[in-house]
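Below is one structure, written out as structure tokens, with a few remarks after it.
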Amino acid sequence: MLNRSRLKLALILTLAICAVAVTGRTPVANPNEVVIANFSFEPATLTVKAGTTVTWVNHDDEPHTATATDKRFSSKTLDTGDRFSQEFNAPGVYNYYCALHPHMTGKIIVK
Amino acid sequence: MSNNLPRRSFLKCMAWAGTGVVWAMNGGVLSSSELVLGAKRKSGFNFVQISDSHIGFNKDPNHEVTRTLQEAVDKINALEDAPAFVIHTGDITHLSRAEEFDTAAQVLKGVKTSRVFYVPGEHDVFTDDGQLYRERFGGGTQGLGWQSFDYQGVHFIGLINVLNLKQGSGTGLGGSGFGQLGQEQLAWMKNDVKGLSSSTPVVVFAHIPLWTISAEWGWGTDESEQALSLLKRFGSVTVLNGHVHQILQKVEGNVVFHTARSTAFPQPVPGTAPAPGPIKDVPAEKLRSMLGLTDVGYVGSGNQLAVVDSTLV
């Protein structure tokens, strides 16, 4: 039993180290941040409490936007390194996409 | 090479694109012949397509996009047969900024031709729904900027499929993430081709491909089937697109689809990279072999249009 738990712990640690190694950076410090990289929003679905400000940051060499599908909010053009913040007060599901590359989609769930 | 190739030989020949093989179309049947680049045309006319100049882009693999656009212009001006006109199939600019449009217009003023026709790419319209674009390049167009004209018996249609882009399927709300033509433009197009004889060669140009190249990357156009169905009765239809920054070709019945290289940077072949976007690690000495322009010739008899791609080097 003990051995198995140890093995499990070792596996979890290894996976955690691998995760950091693969992404090439430590996990984002701000839990309310959406990173735009490789033409995708990460995380694709972010759940936050009402009143939270969510920030998008573009790590791609291509410009992107974060635009609500119902146009309730939209960033300006985010060039490399640009950030956009939006406060979410009302609970609900906010679907958004990149107006320039509309196959890129994401979701903010406000509770 | 024989003039009547079976399909298998044709597919083999597709790999030659860019090395100097002419694709000529006659009544929906493709034939090919070797091309002597720069050979003087005896009759008919030719025009040049350039695409995706992305003025304002300043990252790997190309920090000099204005210069490579200038090199494309120099290449056009060196053609033995000066083009009747030039078509730019969009993404003139990278961020739809006024100064980017100005730089592009300035460089393209230097083309030795009668006129440059434009259709916008999503990079030219996404900040203001195309207002700045139309102020500069929208003269003589209809609706939101679509246009048609005739030249020596060939009918040209410039479509816009980069406005009102809808979200992709990932939201679960429907939507493809594809280019959009819109019913208003389709109604205009239906009316536009109504009076044409079916023997009229038709050339359609638009930014995003009118055939689905990659659903995952949004490389296709909603309602393109509707647009193409309006052209079914024509014996010769040539569709010229940009957006994908590489040469891809397809033949479907009477329609030849062709995408052009960019003058700024190459993009990956779908399925060979996790995402679209510039191929960053191109060695400087290789870049110009991945950029280029497309020369299209019409010999004036038998509905033949010959599409010839060439690179900047």
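The sequence lines fix the lettering, A, B, ..., with proteins before strands; numbering per chain opens at 1. No experiment lies behind these values; they were computed from the predicted model shown.
Heavy atoms closer than 4.5 Å to chain B are found in the side chain of Asp79(A), but not in its backbone. Using a 4.5 Å cut-off between heavy atoms, Lys166(B) contacts chain A through its backbone alone, with no side-chain atom that close. Interface remark: Leu165(B) contributes backbone and side-chain atoms alike to the contact with chain A (heavy atom separation under 4.5 Å).
Lys59(B) and Thr80(A) are linked by a side-chain donor-acceptor pair at a separation below 3.5 angstrom, with hydrogens and angles left out of the test.
Of all heavy-atom pairs between Pro276(B) and Phe39(A), the closest is O-CE1, 2.8 Å. In this structure, Pro63(A) and His94(B) approach most closely via the heavy-atom pair CD-NE2, 3.3 Å. Closest heavy-atom contact between Pro102(A) and Gly177(B): CG-O, 3.3 Å. The shortest heavy-atom contact between Glu62(A) and Pro278(B) is CG-CD, 3.8 Å.
The distance from the CH2 atom of Trp217(B) to the CE atom of Met104(A) is 13.5 Å, given to the nearest 0.5 Å. Between the OG1 atom of Thr65(A) and the CZ atom of Phe126(B) there is a distance of 7.5 Å, given to the nearest 0.5 Å.
For the pair Leu100(A) and His123(B), the minimum side-chain heavy-atom distance is below 4.5 Å.
Sparse packing is recorded around CG of Asp129(B), with 12 or fewer heavy atoms of other residues, nucleotides or ligands lying under 6.0 Å away. Other residues, nucleotides and ligands contribute over 12 non-hydrogen atoms within 6.0 Å of the CD atom of Glu99(B). Applying the 6.0 Å contact sphere to CD of Gln226(B) captures more than 12 heavy atoms from other residues, nucleotides or ligands.
Checked options Thr67(A), Asn95(A), Thr69(A); the residue passing with Gln167(B) is Thr69(A) (criterion: side chain to side chain contact (heavy atoms under 4.5 Å, CB included)).
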